[in-house]
Amino acid sequence: MSFNLFAAEEEALAKARALEKRLEALAPQCLSEYRELVAAFELSTREQQRLVRVSDRLQAQLSDANHELERRRSEAEAALESLREAQEAMVQSEKLASLGALVAGVAHEINTPVGIAVSCASHLADATQALRRRAEEGELGKAEFARYLTTAIDTTDLILGNCERASQLIAGFKQVAVDRASAERRSVNLAAYIQDTLVSLQPKLRPSGHAVAVSCPGDLELDSYPGVLSQILSNLVMNALTHAFADGRPGDMAIMVDLPTPDTVRLRFTDNGRGMSEEHRARVFEPFFTTRRGRGGSGLGLHIVHNLVVGVLKGAITVDSMPDQGTSFTLLFPCRTPGQD
Amino acid sequence: MDSLTIPATGRTPGVSFDFAGGHLRMTGESYPDDVAGFFGPVFDALRGYLARPDGGAIRFDMELLYFNSSSAKALMNIFQMLETVAKAGRPVTLTWCVEENDESMRELGEDFAEDLRHVVFRMREIPAGGSP
């Protein structure tokens with residue numbers, strides 16, 4: 001059995017042909033006009049069939065085009081997704097690299113007091129050994145013993161002082177490093193935390209002689225993510241050292257904190273370095289934007305700062321700068337970081 | 001009126017009817033918003049030309065790459081007008097241009113040729129992605 005879309009038309013034509021025979025006999029004068037009518041109907045039927053095919057072809061083309069569109073759209077989406085993943089991976093590795101720099105800073109900073117303590121202890125041991133020998137030989141004089149006592153007091157003071165210094169440094173670093181690595185939320189005294197972070201940056205700051213002045217209310221307690229704050233500050237400092245004070249340019253930095261409202265912290269980080277053009281200023285937070293490509297710039301430092309301020313601290317960051325007029329970053333964020341939801 | 005020239009737009013075809021030379025062409029793509037508004041003047045001009053008694057040979061080049069159903073019906077009407085004058089003895093050649101590999105357009109051409117008995121029908125292959 002076969003299906004025919006145009007069965008009714010064919011049936012009508014068959015009837016018309018049968019009618020034609022009867023008409024031939026009954027009314028031959030009408031025959032030629034009648035044949036024209038039938039021919040017009042035949043033509044119309046063929047045109048109808050043709051139009052159905054044209055229409056089906058157009059539908060098929062439309063459907064192909066839609067599939068192609070859908071395929072390209074999903075390709076583009078997949079490409080975008082993998083780009084985002086790559087970007088996220090680079091941001092993560094940059095964070096790890098700065099954690100590594102922090103650890104190196106810690107090691108360098110602690111080295112000095114520990115080194116002093118070790119050499120003092122060794123000096124004390126030598127002096128004690130000498131004293132024992134003299135005592136065993138029964139030749140220890142009063143004046144000699146008094147000299148030893150002076151040495152012992154001086155060296156133990158130095159050992160104690162330097163070990164305390166090392167212990168303080170470790171406590172500060174430990175907190176900063178733990179916060180950095182864990183990104184835990186806790187309550188923190190901002191002024192003290194800024195100091196802890198700056199200490200870890202001393203190995204970078206000291207050789208170039210750039211100071212960081214801090215002005216922050218001593219009693220300002222935040223309920224926030226101190227590790228994030230520490231990362232932000234160290235990225236800002238490193239950015240200033242790399243760009244504002246490039247090529248040994250002298251100058252200083254300042255961190256100024258105040259409370260424009262009781263619930264909002266305003267932290268300004270300024271430098272009096274070489275500043276930047278408006279073109280660079282406008283792009284400074286873009287990922288991978290760097291003026292130092294190929295010279296160690298990843299273009300991620302300030303992008304990470306921006307992400308952390310906006311994404312984690314739920315705040316905002318702006319930057320003002322002019323060539324040779326220094327640069328000023330202004331961060332506004334809530335004292336109590338709102339919850340994730 | 002010795003010619004009718006309508007430049008192609010995104011939705012309407014290019015029409016260049018050189019009546020003096022007997023050479024008629026339609027190019028581009030045809031899916032006009034206003035079928036009557038576009039084809040009305042084309043039909044009028046063509047009807048006027050075909051009604052002239054001079055009776056010279058006619059070449060019609062169908063170079064459309066894409067057309068919708070209304071335009072297909074309009075083409076069939078044009079072809080029937082040409083068939084009528086060809087039947088009366090005027091030499092008419094219709095060239096149906098298809099891009100190479102466009103099999104379905106070729107089949108449509110063969111389909112459209114079915115009702116042409118007096119018009120000489122030719123199929124011509126043009127390079128794909130060529131001039132619109």
Side-chain angles (χ1 to χ4, degrees), chain A residues 2-21 23-24 28-73 75-76, chain B residues 10-13 26 28-33 35 39 43 62-88 94 96-99 101-119 121 123 128-129 132:
Chain A
S2 64
F3 173 73
N4 183 356
L5 266 183
F6 291 90
E9 285 80 358
E10 284 177 12
E11 202 178 312
L13 280 169
K15 276 185 188 162
R17 275 178 218 110
L19 186 61
E20 191 183 324
K21 291 211 164 59
L23 209 60
E24 205 169 358
Q29 72 280 12
C30 299
L31 199 58
S32 80
E33 225 174 316
Y34 177 77
R35 280 181 180 151
E36 270 174 37
L37 277 175
V38 173
F41 184 76
E42 281 173 338
L43 176 66
S44 173
T45 305
R46 285 194 298 275
E47 288 194 348
Q48 207 190 131
Q49 290 169 335
R50 211 167 288 147
L51 281 172
V52 167
R53 283 191 286 272
V54 167
S55 182
D56 287 352
R57 171 177 184 266
L58 293 172
Q59 283 298 331
Q61 284 174 338
L62 188 65
S63 156
D64 286 352
N66 278 337
H67 283 129
E68 179 65 13
L69 193 68
E70 181 56 36
R71 192 182 63 78
R72 293 199 191 171
R73 198 178 63 90
E75 265 180 20
Chain B
R11 304 178 68 93
T12 61
M26 288 183 78
E29 304 194 347
S30 179
Y31 45 109
D33 288 321
V35 178
F39 281 107
F43 274 68
M62 200 309 292
E63 298 177 43
L64 295 177
L65 299 176
Y66 178 92
F67 50 81
N68 67 1
S69 306
S70 312
S71 304
K73 178 60 177 155
L75 280 178
M76 288 191 263
N77 291 356
I78 290 174
F79 294 174
Q80 279 310 306
M81 286 156 76
L82 295 173
E83 175 69 11
T84 305
V85 294
K87 189 177 180 184
L94 169 62
W96 182 277
C97 299
V98 288
E99 286 191 325
N101 303 326
D102 189 349
E103 275 316 303
S104 82
M105 193 59 146
R106 177 186 294 276
E107 281 166 22
L108 274 187
E110 285 159 3
D111 211 5
F112 274 56
E114 189 190 10
D115 280 310
L116 303 177
R117 289 182 179 77
H118 301 90
V119 168
F121 181 88
M123 190 75 77

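Order of the sequence lines fixes the chain letters, A, B, ..., with proteins taken first and strands second; residue numbering starts at 1 for each chain. What you see is a predicted model, and the numbers here were worked out from it, not measured in a lab.
Taking non-hydrogen atoms and a 4.5 Å limit, the residue list of residues 30-44 of chain A in contact with chain B, ordered by number, reads A:Leu43. Near-neighbour residues of residues 46-59 of chain A relative to chain B, defined by a heavy atom under 4.5 Å from a heavy atom of that chain, comprise A:Arg46, A:Glu47, A:Arg50, A:Leu51, A:Arg53, A:Val54, A:Ser55, A:Arg57, A:Leu58.
The ring-ring contact (aromatic ring centres under 6.0 Å, His included) test applied to A:Phe6 returns no partner, not counting sequence neighbours. Contacts of B:Asp33 classified as side chain to side chain donor-acceptor pair (under 3.5 Å), with partners at least two apart in sequence or in another chain: B:Arg11.
Contact of B:Tyr66 with chain A is made through the side chain alone, with heavy-atom distances under 4.5 Å. Using a 4.5 Å cut-off between heavy atoms, B:Gln80 contacts chain A through its side chain alone, with no backbone atom that close.
With a 6.0 Å radius and a threshold of 12 heavy atoms from other residues, nucleotides or ligands, A:Arg72 has its CZ atom at or below the threshold.
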